[in-house]
Amino acid sequence: SHRMEVNVAGPRIEQYWAPDLWATLPYTRDEEYIEHYRELYTDAVRRMSRTHRPLACEVSGGLDSSAVFCMAEHLRRSDKLLAPAIDGYTLAFTDDSDANELAYARIVGDYLGVPIHEIPPTFPPLDWYADSARRYREFPGFPNGSMSIGLQQAAARKSRVLLTGEWGDALLQGSRGYYAEELAQRNWRRLYDSFKIDVSTAGAREATGWLLRHGAIPLLPPAIHQGLRQVVRRIRRSETPDALYWLSPAMHQAIEVRRERFRPQHAPQVRRFCQRDLLDILHSAFTAQVMERIERQGAHAGL
């Protein structure tokens, strides 16, 4: 976390907080970790629910948004919600594709006994995306993000605060960095157990790929990493030479320069690969872009 001070000399940026990468909890049982997490989660939803109007919640039917919605309703029933009421909203798709999650959202609403407003998705014309790129001087949003414009506008008619499950999966799904950690520690028994479980779940071919990609390759020296990246890029270009035909050579070069310039630099104390994966997500430019776009889209709706 940083703060910025601006005066006649210009801006001055200072970091005032960073997570303790080696913080530990004195627990020995899974149930204790679960209870600790539940307490943190309850308090986070409670604090973010503060509004003088009904609290709005996006409910796709997935684990992240459903958990937020259920916790908010639990707080309301316990008279601890910092809002006078709660409303759920979901996108109402009419097709039968795998992307249609309406049935799952309805199950959540039925379970809680709380109606969820079903809002048709928004499909802006192509000109809308071009106008957005010109207005904000950045790559325009994605269709699956702009689909929620109508939902946000509907929520803003009654509410000022909208909670979502956005990015919960990226932060909580974990990683397969355990392969690298077990290899680095030469913990052959745990390595074998992990590989055996992954084989039974995903098959030998997939598990072997995970072992190489998330176990052996991360332990290679940086120079070899760089060489492997260049080889992979050449192979991909030879297979699909026109995959990025819409980028000019100058833009290709600019992207390569920025990619090297902003490659995450981890602190010396980051020695666990799972920690490194999590920090990469938190420091990701893509993460920042997505979250800022969601905030801006909500602000335009009045949220």
Side-chain angles (χ1 to χ4, degrees), residues 1-3 15-90 101 104-105 107-116 155 159-178 181 190 267 269-284 287-288 290-291 294-295 298 303:
S1 296
H2 293 71
R3 57 173 160 253
Q15 183 180 43
Y16 65 88
W17 182 85
D20 179 1
L21 300 178
W22 295 100
T24 58
L25 298 173
Y27 302 143
T28 58
R29 298 184 301 113
D30 288 347
E31 291 77 12
E32 294 175 297
Y33 287 100
I34 292 170
E35 183 59 30
H36 186 99
Y37 181 83
R38 192 189 304 275
E39 290 178 2
L40 292 175
Y41 195 76
T42 302
D43 188 53
V45 175
R46 181 189 64 82
R47 287 185 289 108
M48 298 303 292
S49 69
R50 186 179 60 194
T51 174
H52 66 294
R53 292 191 178 186
L55 175 68
C57 293
E58 281 190 8
V59 188
S60 69
L63 294 178
D64 308 309
S65 63
S66 298
V68 172
F69 186 54
C70 288
M71 180 57 73
E73 174 60 13
H74 168 73
L75 290 167
R76 187 194 67 80
R77 296 179 184 181
S78 305
D79 200 27
K80 296 178 182 178
L81 191 73
L82 304 182
I86 181 174
D87 283 306
Y89 295 84
T90 191
E101 300 177 339
Y104 301 107
I107 290 173
V108 176
D110 292 342
Y111 172 75
L112 294 176
V114 177
I116 296 178
S159 305
R160 284 296 175 266
V161 174
L162 174 69
L163 300 187
T164 78
E166 200 67 50
W167 233 243
D169 54 346
L171 294 172
L172 297 177
Q173 69 185 356
S175 76
R176 304 194 188 279
Y178 50 81
E181 292 184 5
R190 290 187 60 180
Q269 66 267 33
V270 180
R271 295 193 292 270
R272 295 191 60 183
F273 290 93
C274 292
Q275 285 181 326
R276 188 183 67 180
D277 288 347
L278 181 58
L279 287 172
D280 282 346
I281 294 174
L282 292 173
H283 292 165
S284 164
T287 300
V290 170
M291 300 308 291
I294 292 171
E295 293 289 343
L303 296 168

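Hydrogens, waters and symmetry mates play no part in the numbers below; they use all other heavy atoms, side chains included. Numbers for residues simply follow the sequence, beginning at 1.
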query = Is a side-chain donor or acceptor of E32 paired with a backbone partner of T28 at a separation under 3.5 angstrom?
reply = yes
request  = Please name the pair of heavy atoms, one in T90 and one in A105, separated by the smallest distance, quoted to 0.1 Å.
outcome  = OG1-CB, 3.6 Å
task = Report the residues that fulfil side chain to side chain contact (heavy atoms under 4.5 Å, CB included) with E31, sequence neighbours left out, ordered by chain and then residue number.
result = R29
query = If you look at every heavy atom in V59 and G88, which pair is closest and at what distance?
reply = CG2-CA, 4.3 Å
Shortest non-hydrogen contact between I86 and C57, atoms and distance = CD1-SG, 4.2 Å
message = Less than 4.5 Å apart, side chain to side chain, heavy atoms only: is that true for R77 and L112?
response = yes
ask   = Who are the side chain to side chain contact (heavy atoms under 4.5 Å, CB included) partners of Y33, not counting sequence neighbours?
value = L25, Y27
query = When rounded to the nearest 0.5 angstrom, what distance separates CD in E181 from CZ in R190?
reply = 8.5 Å
note = In terms of heavy-atom contacts, L163 and M48 come closest through CD2-O, 3.8 Å
key: M291 CE: over 12 foreign heavy atoms closer than 6.0 Å   = yes
note = Taking every heavy atom of V161 against every heavy atom of R50, the minimum-distance pair comes out as CG2-O, 3.8 Å
message = Less than 4.5 Å apart, side chain to side chain, heavy atoms only: is that true for R46 and L82?
response = yes
Y41: side chain to side chain contact (heavy atoms under 4.5 Å, CB included) partners, not counting sequence neighbours = Y37, V45, A67, V68, M71
request  = Determine, step by step, whether S159 and T51 satisfy the side chain to side chain contact (heavy atoms under 4.5 Å, CB included) criterion, reporting the C-alpha distance in whole Å, the side-chain angles of both residues, the deciding distance to 0.1 Å, and the verdict.
outcome  = CA-CA 8 Å; S159 305; T51 174; over 6 Å; no
task = To the nearest 0.5 Å, tell me how far S78 OG sits from E73 CD.
result = 9.5 Å
ask   = Under 3.5 Å, side chain of S1 to main-chain N/O of W17, donor-acceptor pair present?
value = no
message = Between S60 and G62 (side chain of the first, backbone of the second, donor and acceptor by atom type, cut-off under 3.5 Å), is there such a pair?
response = yes
ask   = Is there side-chain contact between F69 and V114, with heavy atoms separated by less than 4.5 Å?
value = yes
request  = Mind checking the CD-CG spacing from E295 to L303? Nearest 0.5 Å is all I need.
outcome  = 10.0 Å
key: Minimum heavy-atom distance between S49 and L55, given as atom pair plus value   = CB-CD2, 3.7 Å
remark   = Rounding to 0.5 Å, atoms CD (E101) and OG (S66) come to a distance of 9.0 Å
